[in-house]
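Accompanying notes for the structure given below.
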Amino acid sequence: MSSSPANPKEEETSTPRDFIRTMIDSDLASGQHGGRVATRFPPEPNGYLHIGHAKSICLNFGLAEEFGGTCNLRFDDTNPETEDPEYARSIQDDIRWLGFEWDSLHYTSDYFDQLYTWALELIEKGKAYVDSLNEEEIRAHRGTVTEAGRNSPYRDRSVEENLDLFARMKAGEFADGAHVLRAKIDMAAANMKMRDPLLYRIRHAHHYRTGDRWCLYPMYDFAHGQSDAIERITHSLCTLEFENNRELYDWLTAAIGIEDPPHQTEFARLNISYTVLSKRKMLELVEGGHVDGWDDPRMATLSGLRRRGYTPSSIRAFCDRIGMAKANSVVDVAQLEHAIRDDLNTEAPRVLAVLRPLKVVIENYPEGQNEELDAPYWPHDVPKEGSRALPFSRELWIDRDDFSLEPPQGFFRLAPGREVRLRYAYFIRCERVIQDETSGEVTELRCTYDPATRGGKAPDGRKVKGTIHWLSAAHALPAEVRLYDRLFSEENPSPAKSGPDFKQFLNPDSLEVIERAWIEPSLASAEPGSRFQFERLGYFYLDSAAARGDKKVFNRTVTLRDSWAKKRPRAAKPAQSRQPKTQRGTPPKPSQPATPPTERPLSPEQTLAFEYYRDEFEIPPSDARMIAAEPVLDTLLVQAVQAGGVPTSVTRWLVHELPASAREGGIEALPFTGAEIAELATLLDEATISGPVAKKLFTELLETGGSPRQWVEERGLQQITDSAGSKRSSPATANKSPPTATARKASSASSSAKSWPRAEGRRIHNR
RNA sequence: UGGGGCGUGGCCAAGUGGUAAGGCACCGGAUUUUGGUUCCGGAUACCGUAGGUUCGAAUCCUACCGCCCCAGCCA
């Protein structure tokens, strides 16, 4: 875009003029960089992208689009010990998912030869030297923020000696840490980054791209600006913590004689309330099992947001709207939620679902009769066409929240004697309430309908205050629904560096699993990865990664705005959803988070079992609860543990793999016992077999029974242990386990919508 | 007791000498077969503080206060 808009006053609604765009405007006006705009997104392939990266991606790629420039993707892979092609793959997937495409793809490791040549030049010019102090000595010589550093005794080595040493460093003559190459600048500089910064370190490590060709690796500062220069980047944008590096960036590009060098500009990184956005903390959540992997829908990773149901356009809109500045700030998570609601309002078809079912019998509707009602997919204000048939019959499900025995002020849903509209159907009136004699729990509503109100309008013109959603009990389909909420209950989970651990602010109610929700029959053909609005409840995403067999799993992306819940905070959590805490038996440990409410209360025996599994077996509460509530699972777990199985490993198979249908016939109908499941779990834990093999064997076990261990021996299914791989240094291992956990999950997901790279080969040495 | 940054309503964020945009959140009202959406309207800002320059300052000057970053052979 070399010409400015005809009318400078013209409104630029799509892209606000932040300080970076303003700067580029003036660069262009003054003819900097020959009128070119070239940016780049330079991630290190050592972790998954999160929404903070999305801000940078939108900035860099957005600028290229707006100014008719280019944007490269460059993997800043200068540290062989933490990087992995798996990450590089997922990063590319995420960028494309967001809707951007790079002009060209580069790796800093492709520039290692050029970088080395420049290092030689620096030595020849007397601007760099080989230092032989050890790590501790270097630190001691660096001084502190208030005291100048001291020169290294090796600082004045001759050019010849430096050249010789540096060549031998490259040749592999020295051990890690024996020497480093440093820039010769000023050990008394007020800017710590200028106190003879390290340029190269020796690292006898295998690089995922250059293999064993190098044992000498450039530091960030010696690689980044030069890579920008090689790619002829004009505007090098990064986050605030690199401000101090800018002086060095400029020194280095000048020292090697770059003409028209790129310039670095810093902006504030993104923070969002009620969440954490740092690789370290996110890794801690994954490794501590506080979330279910990097793509857990509660994580702010792009993969997590994707599984939560966020659209790429909503994330882009969010990034546009939060602005770009240099002040450290925390964006309200409500801003993100607004972005996705705003997008889905016009994109998600409306359907009906009942989360906490309450039976309604229409007494004056003939038994055995049913009819179909036409229901549009879109509300009147969304200009889209399309509808489906909704079956109606005598017995219905409604949501328990939509009925109140003693309606509070302003409640205009169903209550004794009151009339409401069933969406797209009829007016019904509640005539009688059936309650459990002992507990008083409402178990059923007896209602009458007005046949004249078919379609939802009364010919006599009478009005009803409320419209509620419903489903025909005989036609509804079962589904699992996962209600996600913010991961932390504290707005800022990490208040101070030395403050309390952020994990103590984890929200115990961030996930509620509803195992038996009902969805309308039209959803039988819904494609994984599609999004719906469950009317009056929120937006939901059909998750393919979580599906088990033919069971559909819907993740709640975000609730609808709910001014009623706001007005009456108590009404949001009605008595029905509160879990009756049993008083019998041992009291629950006070340190444990409250049981997430689910639809079915546990018996006293089941509660005991649940608490035991949760506390003694350390099974996650939701899983422990599911097992305790299900006799077949309960028996299998007990059998498995008696046979020596590790409870948490066995649980994975019981809860996440065993199809619901297998529980129907009772324990006797199964061709296997818990002992075989324990055997299988152990084989996998020991890494005797791989995940896919384990899954195959499990399928076989379900059908025919038998001994997994025996099969493995008979058929030679053992994995080959890669001894070369296991020699990899240990720091790398810590960073490698997360992608593996994710990859394992991806490979167990249904075949479609697989967005996770696999890591079959590496699984071997990760256990 | 060094250096580099940043401080505008509850949260983001424009504005760079002429008398405080916009978004989110919040509160009213209208419309509504989603307590959704949409549409109207409203309340919040002495622009970190204190001085100064000027006819006039969020914008210029001075001092002070607060927060963030830098002492990895990480990026």
Side-chain angles (χ1 to χ4, degrees), chain A residues 13 16-19 42-44 46 76 78-79 81-82 131 133-135 138-140 142-149 176-182 188-195 198-203 217 219-221 223-224 238-247 266 268 273 279 318 320-339 341-342 345-346 350 352 375-376 379-382 410-413 421-425 427 455-457 463-469 491 533-538 559-568:
Chain A
T13 44
R17 292 278 105 173
D18 50 69
F19 76 102
E44 182 187 12
N46 72 344
D76 215 344
T78 56
N79 186 348
E81 296 184 338
T82 58
D131 195 359
L133 254 24
N134 66 33
E135 194 168 346
I138 287 180
R139 187 174 345 177
R142 185 145 40 213
T144 70
V145 290
T146 54
E147 299 163 45
D176 287 5
H179 308 279
V180 292
L181 184 73
R182 301 180 73 171
N191 180 354
M192 298 288 288
K193 297 287 184 208
M194 298 299 276
R195 320 246 261 226
L198 273 63
L199 268 23
Y200 269 97
R201 77 286 214 186
I202 300 172
R203 196 112 309 172
Y217 292 92
M219 299 288 291
Y220 165 82
D221 287 302
H224 199 91
C238 64
T239 44
L240 253 28
E241 66 269 28
F242 291 99
E243 278 175 326
N244 296 321
N245 298 62
R246 189 176 58 232
E247 190 179 354
E266 311 85 15
S273 58
K279 271 181 199 170
F318 170 78
D320 281 348
R321 279 189 277 224
I322 54 174
M324 186 64 63
K326 298 194 73 160
N328 291 314
S329 58
V330 181
V331 174
D332 194 334
V333 70
Q335 189 97 239
L336 221 206
E337 294 174 347
H338 171 263
R341 285 193 188 107
D342 194 36
N345 178 42
T346 54
R350 309 305 120 122
L352 301 186
H380 61 91
D381 50 0
V382 174
F411 183 89
F412 42 82
R413 280 109 102 145
R421 169 169 37 235
L422 294 179
R423 175 132 247 229
Y424 308 125
F427 286 10
K457 275 203 172 69
K463 301 269 191 235
V464 286
K465 280 301 266 287
T467 298
I468 65 174
H469 55 277
E491 193 173 324
Q533 184 193 108
F534 289 175
E535 290 210 50
R536 305 209 308 130
L537 296 173
T559 61
L560 257 26
R561 279 183 65 212
D562 189 349
S563 51
W564 168 243
K566 224 176 295 173
K567 231 178 267 177
R568 300 197 52 90

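Below, read A as the first sequence line, B as the second, and so on, with proteins coming before strands; counting in each chain starts at 1.
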Reckon A/H380 touches a base, only the sugar-phosphate, or nothing at all at heavy-atom distances under 4.0 Å? base

Using a heavy-atom cut-off of 4.0 Å across all strands, would you classify A/Y424 as base, sugar-phosphate, or nothing? base

A/R423 side-chain N/O to B/G35 phosphate OP1/OP2 under 4.0 Å: no

Base, sugar-phosphate alone, or nothing: which one does A/S329 contact when heavy atoms must sit under 4.0 Å apart? sugar-phosphate

Given B/C12, B/A13, B/U37, identify the nucleotide with an atom nearest to the side chain of A/A327. B/A13

I'd like the P distance from B/G15 over to B/U59, given in whole Å. 15 Å

Could you tell me whether A/N134 contacts a base, only the sugar-phosphate backbone, or nothing, with contacts defined as non-hydrogen atoms closer than 4.0 Å? base

Using OP1 and OP2 only, check whether a side-chain N or O of A/S563 sits under 4.0 Å from B/G36. yes

A/R195 side chain near B/G2 phosphate (N/O to OP1/OP2, under 4.0 Å): no

Across the strands shown, which category fits A/E44 at heavy-atom distances under 4.0 angstrom: base, sugar-phosphate, nothing? sugar-phosphate

Minimum-distance nucleotide to A/N244 side chain [options: B/C12, B/G4, B/C74]: B/G4

With rounding to the nearest 0.5 angstrom, report the CZ to CG distance, A/R201 to A/D176. 10.5 Å

Quick test: give all pairs of protein nitrogen or oxygen and nucleotides 14-16 of chain B nitrogen or oxygen below 3.5 Å, distance rounded to 0.1 Å.
unit_1	atom_1	unit_2	atom_2	d
B/A14	OP1	A/M324	O	2.9

I'd like the C1' distance from B/G9 over to B/G22, given in whole Å. 13 Å

Quick one: side-chain hydrogen bond (donor to acceptor under 3.5 Å, both in side chains) partners of A/Y424, sequence neighbours excluded? A/E535

My understanding is that only residues two or more places apart in sequence, or in another chain, count here; which of them pass salt bridge (Lys or Arg N to Asp or Glu O under 4.0 Å) with A/E247? none

Between P on B/G3 and CD on A/E243, what's the gap in Å once rounded to a whole number? 16 Å

Report the secondary structure of RNA chain B in dot-bracket form, marking unpaired bases with a dot and bases paired to a different strand with |, and treating Watson-Crick or G-U pairs with both distances under 3.5 Å as paired. .(((((((.[[[..)..(...]]].(((((.......))))).....[[[[[..)....]]]]])))))).....

So for A/R246 and B/G4, does any side-chain atom that can act as donor or acceptor lie under 3.5 Å from a complementary atom in the base? no

Is B/G72 in the syn range, within 90° of 0, or in the anti range? syn

Respond yes when some side-chain nitrogen or oxygen of A/T78 is under 4.0 Å from OP1 or OP2 of B/A75, and no when none is. yes

With salt bridge (Lys or Arg N to Asp or Glu O under 4.0 Å) as the test, would you mind laying out the steps for A/E147 and A/R142 before giving the verdict? CA-CA 9 Å; A/E147 299 163 45; A/R142 185 145 40 213; over 6 Å; no

When rounded to the nearest 0.5 angstrom, what distance separates OH in A/Y200 from CE in A/M219? 12.0 Å

Under 3.5 Å, is there a donor on one side chain and an acceptor on the other for A/N46 and A/E44? yes

Can you check side chain to side chain contact (heavy atoms under 4.5 Å, CB included) on A/T78 and A/Y217, steps first, answer last? CA-CA 6 Å; A/T78 56; A/Y217 292 92; 5.6 Å; no

Distance check, C1' atoms only: B/A25 and B/U34, in whole angstrom units. 22 Å

Under 4.0 Å: is that the gap between some side-chain N or O of A/R350 and OP1 or OP2 of B/G36? no

If each of A/G466 and A/R139 is mapped to the nucleotide of RNA chain B with the nearest heavy atom, which maps nearer the 5' terminus, i.e. the 5' end? A/G466

With sequence neighbours excluded, tell me which residues meet side-chain hydrogen bond (donor to acceptor under 3.5 Å, both in side chains) with A/R182. A/D131

On a whole-Å scale, what distance lies between the C1' atoms belonging to B/A21 and B/C67? 26 Å

Separation of A/D381 atom CG from B/U38 atom C1', in whole Å? 6 Å

Using the six-membered ring for Trp and the full ring for Phe, Tyr or His, decide whether A/W564 stacks on the six-membered base ring of B/G35 (centres under 5.5 Å, planes under 30°). yes

Counting only side-chain heavy atoms from C-beta out, which of B/C73, B/C12, B/G36 sits nearest to A/M219? B/C73

Contact class for A/S273 vs. all strands (heavy atom < 4.0 Å): base, sugar-phosphate, or nothing? nothing

Whole angstroms only, please: what is the CG-P distance between A/L537 and B/U34? 14 Å

Which is it for A/E337 and A/T559 under the side chain to side chain donor-acceptor pair (under 3.5 Å) test, yes or no, and what are the steps along the way? CA-CA 9 Å; A/E337 294 174 347; A/T559 61; over 6 Å; no

If we take the C1' atom in both B/A57 and B/G18, what is their distance in whole Å? 9 Å

Just to be sure I understand the rule, does A/V464 reach a base, reach only the sugar-phosphate, or reach nothing, if contact means heavy atoms closer than 4.0 Å? nothing

Judged by each residue's nearest nucleotide on RNA chain B, which is more toward the 5′ side, A/E535 or A/F242? A/E535

Closest nucleotide among B/A75, B/U38, B/G36 to the A/D342 side chain: B/U38

Is A/D562 touching bases, backbone alone, or none of the nucleic acid, heavy atoms closer than 4.0 Å? sugar-phosphate

Name the nucleic acid region contacted by A/I138, choosing base, sugar-phosphate or nothing; use a 4.0 angstrom heavy-atom cut-off, strictly under. base

Say you pick atom P in B/G7 and the same atom in B/C60; how far apart are they, in whole Å? 12 Å

Derivation of the salt bridge (Lys or Arg N to Asp or Glu O under 4.0 Å) call for A/D221 and A/R246: CA-CA 9 Å; A/D221 287 302; A/R246 189 176 58 232; over 6 Å; no

Just to be sure I understand the rule, does A/Q533 reach a base, reach only the sugar-phosphate, or reach nothing, if contact means heavy atoms closer than 4.0 Å? base

Is the closest side-chain heavy-atom distance between A/K326 and A/E243 below 4.5 Å? yes

Which protein N or O atoms sit under 3.5 Å from an N or O of nucleotides 25-29 of chain B?
unit_1	atom_1	unit_2	atom_2	d
B/C26	OP1	A/K566	NZ	2.9

CZ/A/R536 to CZ/A/R350 distance, rounded to the nearest 0.5 angstrom? 14.0 Å

Rounding to an integer number of angstrom, what distance separates B/C46 and B/U8 when you compare their C1' atoms? 12 Å

Has the side chain of A/R321 got a donor or acceptor that lies under 3.5 Å from a partner of the other kind on the base of B/C12? no

Identify whether any heavy atom of A/L336 sits under 4.0 Å from a base atom; if not, whether one sits that close to sugar-phosphate; answer base, sugar-phosphate or nothing. nothing

Could you work out which one of B/G5, B/G3, B/G36 sits closest to the side chain of A/K326? B/G5

For A/R413 and B/G35, is the shortest distance between a side-chain N/O and OP1 or OP2 below 4.0 Å? no

Sugar-phosphate only, base, or nothing, as touched by A/L198 at under 4.0 Å among non-hydrogen atoms: base

Distance check needed: B/C70 P versus A/E241 CD, whole Å only. 8 Å

Any A/R142 side-chain N or O less than 4.0 Å from OP1/OP2 of B/C73: yes

Take atom C1' in B/U37 and the same atom in B/U32, then report the distance between them in whole Å. 9 Å

